[in-house]
Amino acid sequence: MSGEAGRLARSYFKNLELFEDSLVLPPAAPAAETELPVLPGALKSLPASLDEFERQISDCTRCPLGPTRTKFVFGVGNPAARIVFIGEAPGHDEDIKGIPFVGRAGQLLDQMLAAVGLDRRVVYICNVLKCRPPANRDPEPVEVATCKPYLLTQLSIIRPPIIVCLGRHAASVLLGTDAPMKELRGRVLPWHDTQVLVTYHPAYFLRNASHQYLGDQDFRLLRKLYDEITGGAAPY
Ligand code: SF4
């Protein structure tokens with residue numbers, strides 16, 4: 001078996017382990033002991049930490065995006081974050097660097113956080129898909145269905161009280177709704193003991209600067225929710 005074929009075979013069987021009821025993950029005793037609540041659809045055996053989970057799936061080739069990516073983009077931020085942002089999929093810059101939201105949209109996200117007195121130290125940022133669709137095309141349903149358990153597992157490990165969906169696609173995947181943005185944003189949506197906010201993806205505001213005020217409204221609501229759950233304590 002060639003080196004590449006061997007790598008793909010190892011990756012296949014490694015990922016098969018994650019999804020087969022009859023098979024178990026490598027030792028993850030702390031997760032079993034803590035009995036963290038696992039979200040429906042997440043891996044049945046919860047990894048002990050985000051780092052461990054990233055190591056387990058970083059070679060994933062379960063959907064067609066695996067072989068076309070440059071870098072796997074797991075997520076970045078505070079593993080004990082009170083707020084998790086979810087975007088759609090890595091773009092060009094993220095695919096090169098292996099880090100979500102590092103391009104212009106990511107810079108705008110940082111600015112919007114700063115405007116409400118927050119920054120990346122208190123949040124975690126990831127995407128529904130961990131690999132970039134070629135030429136930034138829309139994700140295929142099979143890609144979303146294959147990758148979604150990874151997102152739900154990340155959320156099961158972090159269990160943030162607040163989730164922010166950046167864009168209708170992320171909201172659709174997480175909440176299972178086809179409702180338009182005008183019905184989703186500006187509201188607090190309950191989801192598995194978590195409060196979910198939906199706002200536009202920062203890339204939308206880069207294309208539609210006159211709508212930036214909507215994002216600013218949504219981030220002020222985010223800060224209000226954050227203050228409610230922290231009792232107004234300073235975030236740093
Ligand atoms: S997009 Fe998700 S399921 Fe597809 S190869 Fe990447 S990590 Fe695996």
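Since this is a predicted model, take the numbers as computed values, not measurements. Heads up: numbering here begins at 1 and tracks the sequence. In each ligand, atom 1 is the first atom listed, and ligand 1 is the first ligand listed.
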Near atom 8 (Fe) of ligand 1, is there an N/O/S atom from Cys131 that is less than 2.8 Å away?
no
Passing option when Leu129 is tested against Cys126, Cys131, Pro133 for side chain to side chain contact (heavy atoms under 4.5 Å, CB included)
Pro133
Taking both backbone and side chain into account, is any N, O or S atom of Cys63 nearer than 2.8 Å to atom 2 (Fe) of ligand 1?
no
Ring geometry between Phe74 and Phe53 (parallel below 30°, tilted from 30 to 60°, perpendicular above 60°)
perpendicular
Give the residue, atom name and distance (to 0.1 Å) of the protein heavy atom nearest atom 8 (Fe) of ligand 1.
Cys60 SG, 2.3 Å
Centroid-centroid distance, Tyr124 to Phe85, less than 6.0 Å
no
Please could you name the atoms of ligand 1 that Thr146 approaches to less than 4.0 Å, counting only its heavy atoms?
3 (S)
Would a distance-only check, ignoring hydrogens and angles, find a side-chain to backbone donor-acceptor pair under 3.5 Å from Arg187 to Glu183?
yes
Just need the protein heavy atom nearest to atom 2 (Fe) of ligand 1, so name the residue and atom and give the distance.
Cys147 SG, 2.3 Å
Using 30° and 60° as the class boundaries, would you call the ring planes of Tyr213 and His211 parallel, tilted or perpendicular?
perpendicular
For Gly66, take its heavy atoms, then give the atoms of ligand 1 lying under 4.0 Å from any of them.
5 (S)
So, taking the atom named OG1 in Thr146 and the one named CZ in Arg62, what distance separates them when rounded to the nearest 0.5 Å?
6.0 Å
Within ligand 1, which atoms have a heavy atom of Phe72 less than 4.0 Å away?
7 (S)
